[in-house]
Amino acid sequence: MEITNRIQEAVASGIKSLYGQEVAAESVQLQETRPEFEGQVTLVVFPYLRMSRKRPEDTAQDVGEYLVREVPDVVARFNVVKGFLNLVIAPAQWIGLLQEINSQEHFGFRPVTPESPLVMIEFSSPNTNKPLHLGHVRNNLLGWALAQVMEANGNRVVKTNIVNDRGIHICKSMLAWLKWGNGETPETSGKKGDHLIGDYYVLFDKHYREEVKELVAQGMDEEQARQEAPLIKEAHEMLVRWEQGDEEVRSLWRRMNEWVYAGFDETYRALGVSFDKIYYESETYLEGKEKVEEGLAKGFFYRREDGSVWADLTKEGLDEKLLLRSDGTSVYMTQDIGTAKLRFQDYPIDKMIYVVGNEQNYHFQVLSILLDKLGFKWGRDLVHFSYGMVELPNGKMKSREGTVVDADDLIQTMIEDASQMSADKVNRLEDITPEEAREIARIVGMGALKYFILKVDARKNMLFNPEESIDFNGNTGPFIQYTYARIRSILRKAQAQGIEIPAELPTTAELSDKEVSLIQHLQGFAQTVRQAGQDYNPSCIANYCYDLVKEYNQFYHDFSVLREEDKQKQVVRLALSEAVSKVVRNGLGLLGIEVPERM
RNA sequence: GGUUCGGUAGCUCAGUUGGAUUAGAGCAGCAGCCUUCUAAGCUGCGGGUCAAGGGUUCGAGCCCCUUCCGAAUCACCA
């Protein structure tokens, strides 16, 4: 940061003094110098030709001479290639930067203060009738990572989850359990609560389809059969009783939801995600009506003859949207308005981010406009953090076709594979207890899963290849974790040998090109964090970590740290190793990926 | 049909606000490297009309227009 800023300012004042034109320092664009040229930082002078009214080469020469004259402690010398001004930075500057990175626990992060903007992030949002699957995993990991990134960018973050705990789908599970469950519980069956409920949901569907098939065989058309099947009618009756507050239904509903939540908690814990505030749809689904009535009174919405309420968004290039059914009950959109209202009562929200799949792009476009009309100040620029579908090699993930990947199974498989992988390793670490080994397997297995999902641009549909995800070679989480563990090993050994990194690094130490390049790369972390926050895109952090570690690995093979004879060089390399490990740990930390001290 | 988002190596993906005669990783294939700080690693080879065409300029994978292909969505479902 430091170096870049100083050069930017110097260039700006140089342009002013040479050509009499004002240039904003932060608009000065610097980039890393290509390896085939001498120098580390390059200024592209093309944007300033209009001001200099000179050839690119002469302009670059002017600026270069100015920099060497005015900031000789930063720019040692320069060379010009066409319109590119390559600057050789004084080594002491790089040492200083390295020192700065190491002196901070969280280099590149911005502090959070009580005055920081308050950002609320909604993610996860499960239904309580079945366990979490791979799609939820992507949602949870993205939501968590985004929350970390926003916080690192100096925002106060509230992580929230809206649980869809009511509706016909829960009644289906409840009904099936009553009919065929024989009082089975998570304790008696040994199943996780969410899986138990999910199984009854599937069971309902199975019997329901049989009923429909039978009715069709008797000559009923399929559409009608779906509505007339005794099971679905019974489920609807149950929903009505639920809405009336029937205590028998409610208490069963509470009991079964508790099972599900216990199951979800286990999965969330394994994924390493948590929430600051959980909303339940059963408590919020009636809230939106009032706001809709308010909008109706103000003339934003209109009522049709049958009594239903609509918003006309044709002016915004969208369609008309239903807000209240003719029977006065609310729809999905109404509920989201109600939830927004409650949230705003609870927190002074400056920015709202919804982590929801891209199949709901239209919904959030509409929601944004509606909230804006209804006077929510953050409505207009709410963020729908929209992510793509997870596809499997043999096609899409569809629960109906049975091609879902269960989250718990997946997590378990990843950890088992990591355990197997480390057992197969040739150079095993000897002095490791079984407990430590299990913990390492957990960290590595989860790291593999998380990294595999988070390295892909969230907007894109992604292919989840189970075989490839457990391949720990290449651009993977374990590769990064492994490099981290090796660096930690070096640092431990240095300490054991009594080699300390001094508080003040020797500014006279010589630096190789690779060392300078690594320091430069480290500097880029701050920018990457900022970019991730601006673009709502955690994937660039994942890719940054990989690039950094890849570069360090090459360094690792070319140079030795502990056997270096020159004490100055040794200390600098040690400091460099520490900086890399620190930045990697912080970077992966933003993604919710842990790092092992040994593996 | 309308809207939104995608299309980069055989496969999975990067590509920072447009930058340098040569667009990067990984996987898969081939060839090397463990008496050397952890080989889950490193080095080398092969593999591309950045979907197609036009435009903007000193310069385009990136910006604009057109076309082609793919996905999502446009419910008194959530």
Side-chain angles (χ1 to χ4, degrees), chain A residues 27 29 31 33-34 36-37 42 44 46 49 56 81-84 86 125 127 164 167-169 281 304 306-310 317-319 321-327 329-333 335-336 357-363 365-366 386 388-389 391 393 396 418 421-422 424-429 444 448 452 455-457 459-465 467-469 471-476 478-483 485-494 497 524 527-528 530-531 534-535 539-540 542-544 546-547 550 553-554 556-564 573 577 598-599:
Chain A
S27 74
Q29 297 187 7
Q31 52 191 281
T33 304
R34 294 260 157 180
E36 57 265 38
F37 303 106
T42 293
V44 183
F46 286 112
L49 298 185
V81 180
K82 294 196 284 185
F84 299 90
N86 302 319
S125 310
N127 289 344
N164 182 9
I168 189 72
H169 46 285
E281 250 185 47
R304 285 190 184 168
D306 61 3
S308 56
V309 177
W310 296 73
L318 304 171
D319 300 313
K321 191 76 191 174
L322 177 81
L323 297 176
L324 287 177
R325 295 194 188 97
S326 48
D327 62 5
T329 57
S330 54
V331 292
Y332 181 42
M333 186 64 73
Q335 292 172 31
D336 258 349
N358 63 8
E359 73 271 17
Q360 295 194 27
N361 284 354
Y362 180 76
H363 173 81
Q365 224 179 323
V366 173
S386 161
M389 304 280 100
E391 288 165 24
K396 291 225 181 72
M421 209 77 165
S422 103
D424 292 348
K425 245 182 84 174
V426 190
N427 296 11
R428 286 223 15 84
L429 300 169
V444 173
F452 189 86
K455 74 175 174 185
V456 181
D457 187 333
R459 283 166 303 188
K460 293 186 177 175
N461 288 355
M462 68 168 289
L463 189 78
F464 185 83
N465 185 332
E467 285 167 28
E468 206 176 304
S469 75
D471 181 357
F472 296 158
N473 292 312
N475 185 356
T476 63
F479 168 68
I480 301 172
Q481 290 170 321
Y482 179 64
T483 307
R486 278 197 312 203
I487 296 175
R488 300 303 294 175
S489 170
I490 291 177
L491 294 173
R492 273 195 306 273
K493 284 189 175 157
Q497 291 174 24
Q527 197 187 334
T528 305
R530 209 175 326 131
Q531 192 195 333
Q534 275 166 11
D535 302 349
S539 79
C540 65
N543 288 297
Y544 170 87
Y546 175 71
D547 286 344
K550 176 103 181 138
N553 253 326
Q554 291 161 9
Y556 177 91
H557 281 266
D558 289 353
F559 297 97
S560 53
V561 176
L562 295 174
R563 283 188 304 277
E564 173 61 49
R573 284 180 192 171
S577 300
R598 308 196 289 173
M599 70 183 272

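Labels below follow one simple rule: chain letters A, B, ... track the order of the sequence lines, proteins then strands, and each chain is numbered from 1.
Here A40(B) is the nucleotide among A20(B), U38(B), A40(B) with the atom lying nearest to any side-chain atom of Phe472(A). The listed nucleotides are A78(B), A40(B), C42(B); the one nearest the side chain of Gln554(A) is C42(B). Among the nucleotides A78(B), G19(B), C37(B), the one closest to any side-chain atom of Gln31(A) is G19(B). For Asn164(A), counting side-chain heavy atoms from C-beta on, the closest listed nucleotide (A78(B), G19(B), C42(B)) is A78(B). Of the listed nucleotides (C77(B), A20(B), A40(B)), C77(B) has the atom at the smallest distance from the side chain of Arg325(A). Closest to the side chain of Ser489(A), out of U38(B), C42(B), G19(B), is U38(B). Side-chain atoms of Arg598(A) lie closest to U38(B) of the nucleotides C74(B), C37(B), U38(B).
Rounded to whole angstrom, the span from the CG atom of Leu323(A) across to the P atom of A78(B) amounts to 13 Å. Between Leu318(A) atom CG and G1(B) atom C1' there is a gap of 16 Å when expressed in whole angstrom units. At whole-Å resolution of the value, CD in Glu359(A) and C1' in U73(B) are 9 Å apart. Between the CG atom of Asn473(A) and the P atom of A25(B) there is a distance of 17 Å, rounded to whole Å. Taking atom CD1 of residue Ile490(A) and atom P of nucleotide G41(B), one finds them 16 Å apart after rounding to whole Å. Rounded to an integer number of Å, the gap from NE2 of His557(A) to C1' of G32(B) is 14 Å. Note: CE (Met389(A)) to P (G70(B)) measures 19 Å, nearest angstrom. In this structure, the CG atom of Asn553(A) is 10 Å from the C1' atom of A39(B), given to the nearest Å.
A distance of about 12 Å separates the C1' atoms of A28(B) and A9(B), rounded to the whole Å. Remark: the separation of the P atoms in C50(B) and C62(B) is 10 Å, to the nearest Å. Comparing the same atom, C1', in G61(B) and in C13(B) gives a spacing of 15 Å after rounding to whole Å. Straight-line distance between the C1' atoms of G32(B) and A20(B): roughly 33 Å, to the nearest whole Å. Here, U57(B) and A71(B) have their C1' atoms 35 Å apart, quoted to the whole Å. Rounded to whole Å, the C1' atom of A60(B) lies 13 Å from the corresponding atom of G54(B). Comparing the same atom, C1', in C27(B) and in A14(B) gives a spacing of 14 Å after rounding to whole Å. Spacing between G26(B) and C42(B) at atom C1', rounded to whole Å, works out to 15 Å.
Every residue was checked against the side chain to side chain donor-acceptor pair (under 3.5 Å) condition with Asn358(A), not counting sequence neighbours, and none meets it. Scored by the side chain to side chain donor-acceptor pair (under 3.5 Å) test, Arg325(A) finds Thr329(A) as partners (sequence neighbours excluded). In this view, Glu564(A) and Arg573(A) satisfy the side chain to side chain donor-acceptor pair (under 3.5 Å) rule, not counting sequence neighbours.
Judged purely by distance below 3.5 Å, without hydrogens or angles, the side chains of Gln360(A) and Tyr332(A) pair a donor atom with an acceptor atom.
One distance of note links OH of Tyr362(A) with NZ of Lys321(A); it measures 5.5 Å at 0.5 Å rounding. The CG atom of Asn473(A) sits 5.5 Å away from atom CE of Met421(A), with the distance rounded to the nearest 0.5 Å. Atom OG1 of Thr483(A) sits about 8.5 Å away from atom CE of Met599(A), to the nearest 0.5 Å. Note that CG of Asn553(A) and CZ of Arg486(A) are 4.5 Å apart. Values are rounded to the nearest 0.5 Å.
Close to U73(B), at under 4.0 Å from its OP1 or OP2, lies no side-chain N or O of Tyr362(A). Between Tyr332(A) and A75(B) there is no side-chain N or O to OP1 or OP2 distance below 4.0 Å. Arg486(A) has a side-chain polar atom (N or O) that falls below the 4.0 Å cut-off from OP1 or OP2 of A39(B). A sub-4.0 Å separation between OP1 or OP2 of A20(B) and a side-chain N or O of Arg34(A) is present.
Looking at heavy-atom distances under 4.0 Å, Asn86(A) makes contact with a base. Phe84(A) comes within contact range of at least one nucleobase, with a heavy-atom separation under 4.0 Å. Residue contacts for Ala485(A): at a heavy-atom cut-off of 4.0 Å it reaches a base atom on one of the strands shown. Within the 4.0 angstrom heavy-atom criterion, base atoms lie near Gln29(A). Phe46(A) comes within 4.0 angstrom of a base, heavy atoms only.
Glycosidic conformation at C33(B) (O4'-C1'-N9-C4 for purines, O4'-C1'-N1-C2 for pyrimidines): anti, more than 90° from 0.
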Dot-bracket for RNA chain B, 5' to 3', Watson-Crick and G-U pairs with both distances under 3.5 Å, [ ] for crossing pairs, | for partner on another strand, reads (((((((..((((.....[....)))).(((((.......))))).....(((((..]....))))))))))))....
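In this structure, Phe37(A) packs face-to-face on the six-membered ring of A20(B), meeting both the 5.5 Å centre cutoff and the 30° plane limit.
Contact detail for Asn86(A) and Thr42(A): the closest heavy-atom pair is OD1-OG1, 2.7 Å. Residues Leu322(A) and Ser308(A) share a closest heavy-atom pair of CD1-CB, 3.9 Å. The heavy-atom pair separating Ala448(A) from Phe472(A) by the smallest distance is CB-CE2, 3.3 Å. Contact detail for Gly357(A) and Ser386(A): the closest heavy-atom pair is C-OG, 4.4 Å.
Considering Leu491(A), Ile487(A), Ile490(A) as possible partners of Val561(A), the one that fulfils the side chain to side chain contact (heavy atoms under 4.5 Å, CB included) test is Ile490(A).
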Kindly give the atom pairs (protein nitrogen or oxygen, nucleotide nitrogen or oxygen) under 3.5 Å for nucleotides 12-16 of chain B.
residue, atom, partner, partner atom, Å
C13(B), OP1, Leu463(A), N, 2.8
A14(B), OP1, Asp457(A), N, 2.4
A14(B), OP2, Lys460(A), NZ, 2.9

Using nucleotides 55-57 of chain B, report all nitrogen or oxygen pairs with the protein that are shorter than 3.5 Å.
none

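Taking 3.5 Å as the limit, the base of A75(B) and the side chain of Asp319(A) contain no donor-acceptor pair of atoms between them. Side-chain atoms of Thr42(A) and base atoms of A20(B) include a donor and an acceptor less than 3.5 Å apart.
The closest side-chain heavy-atom distance from Asn543(A) to Asn475(A) is below 4.5 Å.
Heavy-atom distances to RNA chain B give each of Lys493(A) and Asn358(A) a nearest nucleotide, and the one nearer the 5′ end belongs to Lys493(A). Summary of the strand contacts: Tyr546(A) and Asn127(A) both lie near RNA chain B, and taking for each the nucleotide with the nearest heavy atom, the more 5' one is attributed to Tyr546(A).
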